[in-house]
Amino acid sequence: MEKFVVNGPCRLNGEVKISGAKNAAVAILPATLLVKGVCHLDNVPDISDIREYVKILKSLGSKITYVTKNELIIDNTNVTSAIASYDLTSKFRASYYLLGALINRFDDVQISLPGGCNLGARPIDQHIKALEKLGATIEVKRGNVYATKKSKLIGTNIFFDLVSVGATMNAILASTLANGVTTIDNAAKEPHIVDLANFLNSMGANITGAGTDTIKITGVEKLVPNSIYSIIPDQIEAGTFMVAAAVTKGDVTIKNCIPKHLEPITAKLKEAGVLVDEVSESSIRVRMNTAPNAFSIKTMPYPGFPTDMQPQMCVLLSMCTGTGIIVESIWNSRFQYTDELLKMGADIATHGSTAIVKGIEKLYAAPVFAHDLRAGAAMIIAGLVAEGKTEIYHIYHILRGYENILEKFNSLGANITHEKDDSEGDLNG
Ligand code: EPU
């Protein structure tokens, strides 16, 4: 089995450059299908989710050229297929964006139900509701979603029952080329929603209000790319390094980030006593030299505290003076990683959607699992501060979403190696 071995403890020092945002890129890649032509993207993160998306697009007929590992030219002139097979879509969640993107171009679309991080129930009822309101017929059977349309989609009012990033993205994708005006109420406001809208607008779409509760999309006939589009920096990768700097009592400057997007994280770190300074429009410095104060968090849609930073913050909370509370309000199964932190000596009690975290003196290395992408990031952070060699298994989760993660941590003074051992089974057995 492949593993990361983190030799702790260490203190992180130096500068790190953040990559492009995974959750923007996984929407923007399928969004290129709205164009019967060539799109040029930059700051695309080189992570396994993107490599999988490239395979899916190629299977549909896209021609994709890598100018560099982060710069792609995608030619969708000859996309001929609207069937994405299980082999390709099962690996990650964001393959459902193909529904909204392909239904513009084809009358019959078939997508196998997506996989992705195991965070609990992941219904797609709001995606289906949006597409049906726009005039598509959706059927879910035998593990596939079938979307069909008899004529062009027609603009409409969509009121989401809950705030969903994915459903908002899919509604934008499906309505950009529809006839007439679509309004999306109770829309998600995450930075990656705004990035998708900016990308589409850069090619002639007419989308206003992205980043607010109400998004208005006036359908246009076609999109015409006219320049290279650079994907925004990854909010969660930046947040992960911020927390790692704080937990290790380090001094790290995080470059190529958007401080505004980091505000919910910065606010909590400051509450814990971490020094966070905006040193420029695109970089922040994070310093810590005492034990953090206890704090509490409740995960919420943006601009609330991001669920994707919850496991990393739990490691910081474990090193606090006092007791803090985490309430997870987005995913119903996001505390599996706490079992791994318990193995390392953490003091965490979970009750449903709540975790009570008592600060402890030290964490100790142990063999642990990355239960999902962000849980994996939390295991690395825990390993950085723990005494001894922390072995992290199931690292494919981490590689889905963090570009060059070992190189980046090691350049800050960590000692992490990527190794293979002979064990084959699941140690959870
Ligand atoms: N939900 C429904 N019905 C739907 C859609 C969502 O009930 O049709 C529920 C979900 O079960 C969840 C809540 O609504 O309880 C929010 O889900 P959302 O749709 O916002 O999540 P998502 O689009 O599937 C994205 C990110 C996740 C991130 C969440 C929340 C991508 C590809 N994934 O997922 O990112 O946790 O938003 O911010 O953008 C990650 O990057 O590690 C990750 C898991």
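Every number for a ligand or one of its atoms is a count from 1 in the order of the listing.
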Under 3.5 Å, is there a donor-acceptor pair linking the side chains of [X] and [Y]?
| X | Y | answer |
| --- | --- | --- |
| N23 | Q235 | no |
| N256 | K17 | no |
| S318 | K358 | no |

Looking at non-hydrogen atoms alone, which of A24, S164, P311, A377 comes nearest to atom 19 (O) of ligand 1?
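That would be S164.
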Taking distance alone, with no angle check, do [X] and ligand 1 share an N/O pair under 3.5 Å?
| X | answer |
| --- | --- |
| N23 | yes |
| V165 | yes |
| I330 | yes |
| G166 | yes |

Applying a heavy-atom cut-off of 4.0 Å, say which part of [X] lies close to ligand 1: side chain, backbone, both or neither.
| X | result |
| --- | --- |
| D125 | both |
| Q126 | both |
| Y302 | neither |

Within the structure, is a non-hydrogen atom of Y96 found at a distance of less than 4.0 Å from ligand 1?
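It does; at least one heavy atom falls under 4.0 Å.
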Assess P123 for proximity to ligand 1: is some non-hydrogen atom of it under 4.0 Å away?
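Yes, P123 has heavy atoms under 4.0 Å from ligand 1.
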NZ on K129 to NZ on K133, rounded to 0.5 Å
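Atom-to-atom, K133:NZ and K129:NZ are 8.0 Å apart.
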Any chance you could measure L223, atom CG, to F199, atom CZ, to the nearest 0.5 Å?
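The distance works out to 8.5 Å.
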Identified side-chain hydrogen bond (donor to acceptor under 3.5 Å, both in side chains) partner of T214 from the options T208, N186, D185, T183
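Answer after filtering T208, N186, D185, T183: D185.
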Report, in ascending order of atom number, the atoms of ligand 1 lying under 4.0 Å from any heavy atom of [X].
| X | result |
| --- | --- |
| L373 | 42 (O) |
| H127 | 8 (O) |
| L162 | 1 (N), 2 (C), 7 (O), 9 (C), 14 (O) |
| K22 | 40 (C), 41 (O) |

For the residue pair H418 and F4, does the interplanar ring angle fall in the parallel (under 30°), tilted (30 to 60°) or perpendicular (over 60°) class?
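Answer is perpendicular, since the angle exceeds 60°.
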Assign the ring pair F369 / Y393 to parallel, tilted or perpendicular, where the plane angle (0 to 90°) is split at 30° and 60°.
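Ring orientation, 0 to 90° scale: tilted.
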Quick one: is the NZ or CZ of K141 closer than 6.0 Å to the six-membered ring centre of Y146, and within 45° of its axis?
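Yes - K141 lies over the ring of Y146, closer than 6.0 Å to its centre and within 45° of its axis.
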